[in-house]
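One structure is given below, encoded as structure tokens.
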Protein chains: 4
Amino acid sequence: MRPQSLRARESVLAATCALLHEGGLPAATVDAISARSGVSKATIYKHWPSRTAVAAEAFGAEMAHAVPSPDTGSAAGDLAEQVRRVSEFYASPAGTTFAQLLAACVTDPAGAPYFREFFLAGRREAVALLWRRALERGEVDDEVDVETAIDMLFGPLIFRLLSGHAPLSREEADAITTAALHGLLAR
Amino acid sequence: MRPQSLRARESVLAATCALLHEGGLPAATVDAISARSGVSKATIYKHWPSRTAVAAEAFGAEMAHAVPSPDTGSAAGDLAEQVRRVSEFYASPAGTTFAQLLAACVTDPAGAPYFREFFLAGRREAVALLWRRALERGEVDDEVDVETAIDMLFGPLIFRLLSGHAPLSREEADAITTAALHGLLAR
Amino acid sequence: MRPQSLRARESVLAATCALLHEGGLPAATVDAISARSGVSKATIYKHWPSRTAVAAEAFGAEMAHAVPSPDTGSAAGDLAEQVRRVSEFYASPAGTTFAQLLAACVTDPAGAPYFREFFLAGRREAVALLWRRALERGEVDDEVDVETAIDMLFGPLIFRLLSGHAPLSREEADAITTAALHGLLAR
Amino acid sequence: MRPQSLRARESVLAATCALLHEGGLPAATVDAISARSGVSKATIYKHWPSRTAVAAEAFGAEMAHAVPSPDTGSAAGDLAEQVRRVSEFYASPAGTTFAQLLAACVTDPAGAPYFREFFLAGRREAVALLWRRALERGEVDDEVDVETAIDMLFGPLIFRLLSGHAPLSREEADAITTAALHGLLAR
DNA sequence: GCCTAAGCGAGACGGTACGTCTCGTCTTATC
DNA sequence: GATAAGACGAGACGTACCGTCTCGCTTAGGC
């Protein structure tokens, strides 16, 4: 039997990346992806369950290198730096695309797994690495779960990105990191 | 000249509430709201800039009483209880509607201010009250901004609600609260 | 309430006529009609049940004058002349469109009534007129039903047009007329 | 080298027959025929130019025995009986399939020859036999061409079947036969 | 009996039209 | 003159079928 064409997958993902750059998720319609990639709509729907899934995979692949993990020597410092970088990324046009993608997953249950696998997983693993390094050095509390820590550091940024109720400046990022590291209770 | 009808506003909001209950945001199309409320689409668009705005106002009005603030005596305990309650709320069908609404704000810039004003503002003020009470009692760190504190406590929940990468159970809610209150650093 | 737009109807029919001329029924896709007429697909589907219906109405309106009825003095001669003219029409490009339309009605039950009403009815009435004139003059058998007579004279042409098993020349048309008028039995 | 497989031909035709019975021509898609027969689409297209061709051959083979020719003693009576039988056949579900097949030939030039050869030819030859018998007995006009006679007798039925402008009852069939045999002119 | 070219199954693919949907604007007639 | 009713333009959606293609596997006939 003829195997699914790698070429098709790849040109779809490339075309989708380009479209996401040009106009965010709204520009990445299935028709547009089909037209630009030369891959038919029917074939796209055979490879992915929805356009959100395509976009998630395309965006995830591209963003793998967009926010490289820092290595400052201080593990806690690395976490702070990472929050700063991610905050900056979210404030950029690509951040808008990320927000659209995350929003689309709410509406499109079929796309959500793709988003988690191709976008979130990579990003979370990068932070998990920093966390484990910090743990080894005894800099962070070993009773806190990695997942909880990640959500604590980045959840606030994402909430702000989506609802726009507060800015995503460097200062705000640092305020969040500080509060997260030291806790809200009076010392 | 004839003033804009109060009756129109109210029946639109009532109809929208009903539709949100029945099928979440997707069910609250402008056509459906118009049909159910007996208010014409043109009139709806004179009162609100978009259907997201209508839904945000309708949902916010209704949810004002859905998560009453606790008063346990311990201010820190109140915050923890509040996170628990909100987490439970997010895990319910109404939480899905909240997620859809938040997601819609990403796509619909005109609706976002309505969402912030009619939904977020009330919710945040309720928590801000708890925070100020805790501050007065000296239970929490007075160097942490209220907004930062709120985002730290609820951002993680919202992130999980949207992307679905982790559950919204009572245990998870408590883990988040604990980590947020005591911080991530080793003690 | 706003009435259905006459303008929409008319530009759809005009665009469809043009497309039928250029490429027959296959060219008159709903997308093409929509694009050329400036009327949205949704609106087209509100006015007509299917593209066959649109094409039938457009083609019928145009063809009303394509085959004018003869008046030779002899009623029987008029019928013969009419068969000749129709045969010639069927042999032309417009005849192909007619065949495609008739064929489409087999597949599209919703379009068939439109074809009968907007195309056939007019054509049949024209022949019925000749028949009645012939009847008054006593030239034709008054025991034969008009409908039967019409089908006898034109059914053979249409059968040939569709299946292509025999030519549609003037000679063949005359042979059919002669046989139909005098009957198949030996004299 | 290796000859084309007879088995493939036969299972395709059998599967097509079954599909035609179940849902007429629309059910006999190439994918469906391939799936049911176990013969691949590529192979089907090596044996036939289009699905219409496959269907025509399958239907023709099956219908060879569906309308047996009558032998009443009177040649003219045989013709009348044949028209009656064919009319009845056209009014049955199989008649619908016939209509769909004939209609498909308009759109599919590659299929038309198959329809003429595998379906029409047989049917026409059966009637031609009756005609020649009648000729020998001097019952019919020897100046009328066989082809013309056949089209005169069956064209009206087919026209009605396709456009649905008149019923296909026994009475109508007889009215057509009578008119065809005796002619339209006043006696 | 082995070899090799073709036949063949499975189904992926590009293409193209379909008919549906929702949005937000526009047009009447009514009150 | 504000409304209810709903027609309208725009354009994406996901589906269907077509006819071509690309694979490996199978299977004769020629040596």
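Because the structure is a prediction, the values reported are computed rather than measured. Chain identifiers are assigned alphabetically (A, B, ...) following the order of the sequence lines, protein sequences preceding nucleic acid strands; residue numbering begins at 1 within each chain.
Closest approach to the C:Asp31 side chain among E:dA17, E:dT25, F:dG14 is made by E:dA17 (side chain taken as heavy atoms from C-beta onward).
Between the side chain of B:Arg51 and the backbone N or O of B:Leu25, at least one donor-acceptor pair lies under 3.5 Å. For D:Thr43 (side chain) and D:Val39 (main-chain N/O), no donor-acceptor pair under 3.5 Å exists by modelled atom type.
In this structure, C:Lys46 atom NZ and E:dC21 atom P are separated by 11 Å, rounded to whole Å. In this structure, D:Asp108 places its CG atom 17 Å from P of F:dC17, rounding to the nearest Å. Atom-to-atom, CG of A:Leu19 to P of F:dA12 comes out at 12 Å; the value is rounded to the nearest Å. Atom CD1 in C:Ile44 sits roughly 13 Å away from atom P in E:dT20 (whole-Å rounding). Nucleotide F:dC17 holds its P atom 18 Å from the OH atom of A:Tyr45, rounded to whole Å. Rounded to an integer number of Å, the gap from B:Trp48 CH2 to E:dC23 P is 15 Å.
Ranked by how close their nearest DNA chain F nucleotide is to the 5' end, A:Pro49 and C:Ala8 are led by C:Ala8.
The closest side-chain heavy-atom distance from D:Glu117 to D:Glu57 is not below 4.5 Å. Side-chain contact between A:Ile158 and A:Leu162 is present, with heavy atoms from C-beta onward closer than 4.5 Å. The shortest side-chain heavy-atom distance between A:Leu13 and A:Glu10 does not fall under the 4.5 Å cut-off.
When the side-chain nitrogen and oxygen atoms of A:Arg51 are compared with OP1 and OP2 of F:dC13, one or more of them lie within a distance under 4.0 Å. Residue B:Arg9 places none of its side-chain N or O atoms closer than 4.0 Å to OP1 or OP2 of F:dT3. Taking side-chain N and O atoms only, D:His47 has a distance below 4.0 Å to OP1 or OP2 of E:dC8. At the phosphate of E:dT27, neither OP1 nor OP2 sits under 4.0 Å from any side-chain N or O atom of C:Arg7.
A centroid separation of 6.0 Å or more is found between the aromatic rings of B:Tyr114 and B:Phe119. Ring centroids of B:Phe115 and B:Phe59 are separated by 6.0 Å or more, keeping the two rings apart.
Residues from residues 32-43 of chain A that place a heavy atom under 4.0 Å from any atom of DNA chain F, listed by number: A:Lys41.
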